[in-house]
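The structure appears below as structure tokens.
We number each residue from 1, following the sequence as shown. Indexing begins at 1, ligand by ligand and atom by atom, following the structure's order.
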Amino acid sequence: MNTSRGLLATALLALLLVPRDGAAQALVNPATEKKIDALLAQMTLEEKVGQLNQYSSPFDVTGPPPGAGAQKAAYEQIRTGLVGSMLNVNGAAATRKAQQLAVENSRLKIPMIFGYDVIHGYKTIFPVPLGEAASWDPAAVERSARVAATEAAAAGLHWTFGPMVDIARDARWGRIMEGSGEDPFLGAQMAAARVRGFQGKSLAAVDTIAACAKHYAAYGFAEAGRDYNTVDISENTLRNVVLPPFKAAADAGVATFMNSFNEIGGIPATGSVHLQRDILKGEWGFEGFVVSDWGSIAEMVRHGFSEDLAQAAQQALTAGSDMDMEGRAYIGHLASLVRAGRIDVKLVDDAVRRILRVKFALGLFDDPYRYSDEAREQAATLTPANLAAARDVARRSIVLLKNDGVLPLDKAVRTIAVIGPLADDKDTPLGNWRGQGAANSAVSLLEGVKAAVTPGTRVIYAVGATLVTSPRNFMTPTVYNTSDRSRFPAAVEAARSADVVLLAIGEDAFQSGEGRSQAEIGLKGLQDELVRAVLEANKKVVVVLMSGRPLTIGHVAEAVPAMLEAWLLGSQSGHAIADVLFGDYNPSGKLPVSFPRDVGQEPLYYNFKSTGRPGPEKGVTWSHYTDMSNDPLFPFGFGLSYTTFTYSAPRLSATEIARDGELKVSVTVTNSGRRAGVEIAQLYVRDLVGSVTRPVKELKGFERVELAPGQARDVTFTIKPADLAFYTARGRWEAEPGAFRVFVGGNSRDLKEASFTLR
Ligand code: NOJ
């Protein structure tokens, strides 16, 4: 097809596929299915299997790699149409070259689809997803994904391996930074927002990319928080806790899913018929494709689930894994499995069809190079608007954990000391999974502070102690500085001479992320010592915590007058933190995950079950520790503001809901302080008796309420029976009649309650 006709066809397709407002884009339409039928009819078995084959870019695609090794073989496979997709090819020029290799040489000229981990930004880096979830602001999170998609698409990418929607209840798990925390309801809102942001209104637009809900499923439930470890959870937990964000992504029209490395109940997720065929493609009617995680088909051999790579291929395809990421199981074995009658070719055809659907929806058949546009790549990347969006989302993500009145600071403060290993760190704020964010490109806290204060203010900087001594990157384990105290004296001196101290501590960029589980989640290296030394010199210390996970920082929180959680906030980190410190932005973030007092409390989450011994009750043996409270240090949903908010008791429109009825829960939220501010009002429900036991409370709604000082506003939540549904003992998603409690408040602990009945 010539280019102008191609573009016209794409535009028409875009119009056809644009969903009504709020509705998800459909991947299936009769015209495309016909084209796929025609293609399938022409394809050899090998070409079909090729579509299911995905390689990482190991070589410079501009020329054949020398020698006879695997790289050379891969290069030849691309030329002969045996590679359907690549990951890690980056930039408009490189993607164009790689695409040429496939399209100009292969028999059927089927374009490859290029995927990449665009997790929290492509070049303009946004807060890590856990941080963004702390905004409790789906619209902001959608904007973040939109910017990321615009930049990635201009670099020739078609597909991101995000959103990561794994529920995580264990802060030891390093990948907790990549998701939206512990709650299925908040997680579902964030999942849908990210899908909308990445995919926009139409996949056919040149600034949208296909999204991928991962890791399907239960990857976040690794025993003891150790990455890749065994998962053994019930169908009850799977359906009620793990799956809701995946379902929300599917309902939002996500084009792809990625399965996961872990086993569940003895079956590797990659080989799970139950997860992929029964639930995803069966019950949910998902029409896109499932990609394996990196080598996860091959890993089924090590799991002891498959005898060899051939059996792994057979089991994975049968289970519904459509594309093999770097496992080389499909390309090596599927064709012979079909010929030997061990796999029905219909399964291969179905997988190919699903992948082609997404390629058609992206417009790749009209113009395989439409995304690889060097001029757009230049113009659309790291723009002032994108950076402004990153700053805005970053400041919405900050959570004020403690404030004895020190904050906000006066910009005309005489002397301010900015101390700590992360104080002038321009790299850590980018976090792990930073796409193509350039190393050391973030605005450091020190830079942010200098840009915010008045010209007369003296800003003194002292590192105190470095945090890590190893090279910092994704591949090497972090090594902490535990011995070099040579720069302590300068830090103490800086603290002594300042009116106020900002102490930036926490985690290194690569302390969280894949394979970065930690058995201890306190402050590493010499940071605790540094905190003590600085506090001896000056009590007026504001701790700026940067981390990709909850940390056990109770002792620090107790000792300092103010503390905020600044996660790993991305490119504009320092400016966003300064916005909050100096009161240009009144903090509104709330924790998407419980902060433990001690690592021994993990896994820790607010929506636990009552147990038969709930206590604490006098004289009764209740489920507890004898050396520590059950309570978190900071509960889920918690976050302070520079103003205060009060809540009325909830008012209910009725005390009963009929099966087809609804109930309104209203609460008056009042700004009882002296500054304008935003409160995230939260609604929780408890189902008192169920056919299976129910959590002590579950988030069912939240709303951002912006209030001037003294202003009051009624917030009304609507509860329908569908909102009370769960996976019951009958194996259905349904609400059960009976008594409920409803709670409203500003976090999961401090709540006012009322009761109602579902008829
Ligand atoms: C493995 C990770 O688990 C997954 O999240 C990622 O998308 C792939 N590698 C590709 O980088």
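Considering both main-chain and side-chain atoms, Asp117 comes within under 3.5 Å of ligand 1 through a nitrogen or oxygen pair. Backbone and side-chain nitrogen or oxygen atoms of Trp433 are examined, and none is located within less than 3.5 angstrom of a nitrogen or oxygen of ligand 1. Polar contact with ligand 1: present for His215 (N/O pair, distance under 3.5 Å).
With ligand atoms numbered from 1 in the order given, ligand 1 contributes 4 (C), 5 (O), 6 (C), 7 (O) to contacts under 4.0 Å with heavy atoms of Lys214. Set against the non-hydrogen atoms of Asp293, the atoms of ligand 1 under 4.0 Å away are 1 (C), 2 (C), 3 (O), 4 (C), 6 (C), 8 (C), 9 (N). Under a 4.0 Å criterion applied to the non-hydrogen atoms of Met258, ligand 1 contributes the atoms 4 (C), 7 (O). Below 4.0 Å from some heavy atom of Phe161 lie the following atoms of ligand 1, by number and element: 7 (O).
Atoms CZ and CH2, from Phe161 and Trp433 in turn, are 9.5 Å apart once rounded to the nearest 0.5 Å.
Remark: the Gln25 side chain and the Ser202 side chain contain no N/O donor-acceptor pair separated by less than 3.5 Å. For the residue pair Ser372 and Thr95, a side-chain donor N or O sits within less than 3.5 Å of a side-chain acceptor on the partner. With 3.5 Å as the limit, one finds no donor-acceptor pair spanning the side chains of Trp567 and Ser397.
For Gln54, no heavy-atom contact with ligand 1 is shorter than 4.0 Å. In Asn88, neither the side chain nor the backbone holds a heavy atom less than 4.0 Å from any atom of ligand 1.
Under the 6.0 Å cut-off for aromatic ring centres, Phe114 and His158 qualify, their centroids lying closer than that. Between Phe185 and Trp136, the distance separating the two ring centers is not shorter than 6.0 angstrom. Aromatic rings of Trp159 and Phe289 (six-membered ring for Trp) have centroids within the 6.0 Å cut-off, being under it.
Ligand 1 is never approached by Met164 to a heavy-atom distance shorter than 4.0 Å. Heavy-atom separations between Phe261 and ligand 1 include at least one value shorter than 4.0 Å.
Counting heavy atoms from C-beta on, the side chains of Pro550 and Leu604 never come closer than 4.5 Å.
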